[in-house]
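What follows is a short report on a single structure.
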Number of protein chains: 2
Amino acid sequence: MNTNKRVTLHDVARRAKVSYQTVSRVINDSPHVSKTTRQRVAQAIKDLNYQPNQAARSLVTRRSHLLEVVTFGSHHYGPSQTVIHVEQAARRLGYNLIVTHIVGMTLQAIRGAIDTLSGRLVDGMILIMPVRGVEYEELVSLCNGIPFVMIDSQLSSITPSVVIHQTYGSQLATQHLIDLGHRDICEISGPLEWFAAVERHTSWQATLEAAGITPGKSVEGDWTARGGYDAAHRLLNEGAVFSGLVVGNDQMALGAMRALREHGLRIPDDVSVVGFDDIPEAECFEPPLTTVQQDFDAIGTQSVEYLVNLIRDPAETAYQRVLYPSLVVRQSTAPSAKRQV
Amino acid sequence: MNTNKRVTLHDVARRAKVSYQTVSRVINDSPHVSKTTRQRVAQAIKDLNYQPNQAARSLVTRRSHLLEVVTFGSHHYGPSQTVIHVEQAARRLGYNLIVTHIVGMTLQAIRGAIDTLSGRLVDGMILIMPVRGVEYEELVSLCNGIPFVMIDSQLSSITPSVVIHQTYGSQLATQHLIDLGHRDICEISGPLEWFAAVERHTSWQATLEAAGITPGKSVEGDWTARGGYDAAHRLLNEGAVFSGLVVGNDQMALGAMRALREHGLRIPDDVSVVGFDDIPEAECFEPPLTTVQQDFDAIGTQSVEYLVNLIRDPAETAYQRVLYPSLVVRQSTAPSAKRQV
DNA sequence: AATGAAATTGTGAGCGTTCACATGATATTA
DNA sequence: TAATATCATGTGAACGCTCACAATTTCATT
């Protein structure tokens, strides 16, 4: 059965006693095939376990039904979750997904990731570009006409992209603390080369100022628990006094809470903490973490749908899909003690 | 520059004033090209920004330089980390990677994942099959001659695979608790359809018995923090008394520790806890978690290297590469209080 | 200078499909 | 029943490349 030679269109045709073209019609669901021959051919395909040769196919159609996702920061929760959902959405729409992880956000790294595949005739690309480093125009010229959609790029730039409204998310988090009566609110931000980190930071500041509150100190973390731990220590060692803390993501919040406890601060009694992402573990933190939830499933799914539209109609005008996060309140935040005084 | 028509071998040939075959030789690093013509052709390739058409290439060579990884349980730390390293190793060796996530471990799901791609002429596959459900023989027939390597499959089966010696890992964890003087040791295992969960469970039991200790209760979790939380509650509600707890992974350990605290138990004073995986957050748990570290980078890298060998020489005899985990001791484990009495 | 071997370059065919068109079969209408 | 429209099926060419082999050039050797 497992002969060396691959089964081709012609083998199927011979067995079904039709021309190869008719077989081609059957596998492409052409309407111009009678019911009986269609059945006969289907049977032959099944008998021979025939699989159309995609290489031959895409050689003539110039379509590969292959998408590529280039992702930076794949060790982080957001990007890795997004990739999973991108793949699943792609497969639902009949595409397979090539994944490329880049480590440095340099033009060279991206060029490498894209160039290799342009020869593969990928039909489209999804670029998870959460940090600054490469301009949109550079990407356009790199992609060489292949449609692409960006994820996690800068908010409110007119590029084909799907993003989360980080400004809104950070506002939710900060306003939540304000509403609880907190007035001394510090921040541990993500690395400021990340768009999301800057947007959250800026919005934290703006929300406080809009409420007439002077922003507390802000220190920069690296998204990891250890980084959050170190950042919180830095904050406290610098003598910062605060009852509210907005942390750039849940992992850093975990580390920060540990550092706070080491300084004898109780959560939420002494300090209320808010994170970002709502990773599955957040509900089991000590205490369970109030956090800003992001829908990575929606990002992945919508970016693929957008991309597929772009493939079908490349002339479609570029726009940015904006998704809104939501606040999940748990036990790491509580009314300010001062308020009750 | 971005003309509609793609640049072909012939375009380059015309520009370099050589035959198309010579261009082919240059891009395939054939030695039979003089230095001067090679340069001339290289220049033309650069000028025209030529990219060889992979579809045409693989149509004739029957090689795609494409690998596929089929992964189950991609939302979990181990599989997702592994995939990242598989991709990076593959790219280093000149292959691109198609990723397919399957949700149910059924023959049908795997058949779907494999069949779609066999038409793509993938050169090889890596199957992350951490749970029972599909037999090796079935995979062999599904793969239809395409070489494949399994990851996380059953220990000591003679199949081409790369696995972690879970039995050894669990022994490390359990023996560590025994060495600390603990005699009442319970377990929260992973879902028992996972090979790793069964192996760790069996080895936990065996290690205790070898030390002349009657194993405590064992309850089954679902790898999530919430699952560990629930499992620990179940354990305690059933009246289990223990000073040592082996937990199937770090996330469940997080939840379990939370549940233990809710029952007034301090860690490590009252109960010592050991996890598995050493996720980056483990060092910032409350307290920092003692855990069994697994080298997912090595798994990914070695499985790709193995696969590439198999592609070059399909006759190579199948064997199982076994990697050994190591114990990382942190503050969630301490000498048994009883011992000192 | 003639010969041959080695290096370099060129030519024809085919990989397995789809596309555009040509042909054949069947149903519809006058 | 003959003519036409409609549907079903078949044929030749092309997609862009590599393979096997043929032709040409180069250069050392007799």
Side-chain angles (χ1 to χ4, degrees), chain A residues 3-42 44-45 48-66 94 117-123 144, chain B residues 3-42 44-45 48-66 116-123 144:
Chain A
T3 44
N4 259 3
K5 216 141 173 54
R6 271 194 78 87
V7 182
T8 78
L9 216 48
H10 293 81
D11 300 323
V12 177
R14 207 172 311 123
R15 182 172 237 266
K17 301 205 187 300
V18 292
S19 77
Y20 55 88
Q21 181 56 264
T22 302
V23 180
S24 172
R25 288 199 181 92
V26 171
I27 62 179
N28 288 297
D29 284 322
S30 158
H32 302 291
V33 181
S34 77
K35 210 167 183 181
T36 54
T37 42
R38 183 184 298 277
Q39 264 177 347
R40 200 147 37 91
V41 170
I45 287 175
L48 298 171
N49 188 27
Y50 166 70
Q51 294 283 99
N53 183 323
Q54 294 294 340
R57 252 184 166 174
S58 58
L59 180 58
V60 29
T61 61
R62 305 168 153 285
R63 292 230 165 274
S64 61
H65 279 263
L66 221 46
L117 281 132
S118 82
R120 288 209 189 275
L121 304 170
V122 294
D123 294 347
N144 202 38
Chain B
T3 43
N4 258 5
K5 216 143 173 53
R6 269 193 81 87
V7 182
T8 79
L9 215 52
H10 294 82
D11 299 323
V12 177
R14 207 172 310 123
R15 182 173 239 265
K17 298 201 188 304
V18 291
S19 77
Y20 55 87
Q21 181 57 267
T22 302
V23 179
S24 172
R25 288 197 181 93
V26 170
I27 63 179
N28 287 298
D29 284 324
S30 159
H32 303 291
V33 181
S34 76
K35 209 166 183 180
T36 54
T37 41
R38 183 183 299 276
Q39 264 177 347
R40 199 145 38 90
V41 171
I45 286 175
L48 298 171
N49 189 28
Y50 167 72
Q51 295 282 101
N53 182 323
Q54 294 295 339
R57 249 181 168 178
S58 58
L59 181 57
V60 29
T61 61
R62 305 167 153 285
R63 291 228 164 274
S64 60
H65 278 263
L66 221 46
T116 325
L117 281 133
S118 82
R120 288 208 188 277
L121 305 170
V122 294
D123 294 347
N144 201 38

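Residue numbering restarts at 1 for every chain, and letters A, B, ... go by the order of the sequence lines. Fair warning: this is a prediction, and the values are worked out from it, not measured in the lab.
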Among [options], which is the nearest nucleotide to the side chain of [X]?
X        : options                   : answer
Gln21(B) : dG10(C), dC17(D), dT9(D)  : dG10(C)
Val18(A) : dT18(D), dG16(C), dG10(D) : dG10(D)
Ser24(B) : dG10(D), dT18(D), dG16(D) : dT18(D)
Ser19(A) : dT9(C), dG10(D), dT18(D)  : dG10(D)
His32(B) : dG16(D), dT8(C), dG10(D)  : dT8(C)

Approximate separation, where rounding is to 0.5 Å, of [X] [atom1] and [Y] [atom2]:
X         : Y        : atom1 : atom2 : result
Thr22(B)  : Arg40(B) : OG1   : CZ    : 9.0 Å
Arg120(A) : Ser58(B) : CZ    : OG    : 7.5 Å
Asn144(B) : Arg6(A)  : CG    : CZ    : 7.0 Å
Ser19(A)  : Arg14(A) : OG    : CZ    : 12.5 Å

For the pair made of [atom1] in [X] and [atom2] in [N], what is the distance, rounded to whole Å?
X        : N       : atom1 : atom2 : value
Leu59(A) : dT17(C) : CG    : P     : 12 Å
Lys35(A) : dT9(D)  : NZ    : C1'   : 19 Å
Gln39(B) : dT9(C)  : CD    : P     : 13 Å
Arg57(B) : dG16(C) : CZ    : P     : 18 Å
Arg63(B) : dC19(D) : CZ    : P     : 11 Å
His10(B) : dT18(D) : NE2   : P     : 11 Å
Arg14(A) : dG16(C) : CZ    : C1'   : 13 Å
Asp11(A) : dC15(C) : CG    : C1'   : 13 Å

OP1, OP2 of [N] versus side-chain N and O of [X]: anything below 4.0 Å?
X        : N       : result
Asn53(B) : dC15(D) : no
Thr37(B) : dT9(C)  : yes
Thr61(B) : dC15(C) : no
Tyr20(B) : dG12(C) : no
Thr8(A)  : dG16(C) : no
Arg25(A) : dC19(C) : no
Arg6(A)  : dC15(C) : no

Indicate, with a heavy-atom threshold strictly under 4.0 Å, whether Ser58(A) touches base, sugar-phosphate, or nothing. nothing
Between Gln51(B) and Ser34(A), which has a closest nucleotide on DNA chain D that is more 5'? Ser34(A)
Taking the side chain as C-beta and beyond, is there a heavy-atom pair between Val7(B) and Val12(B) under 4.5 Å? yes
Heavy-atom pair with the smallest gap, counting every atom of Leu121(A) and Ser64(A): O-OG, 2.6 Å
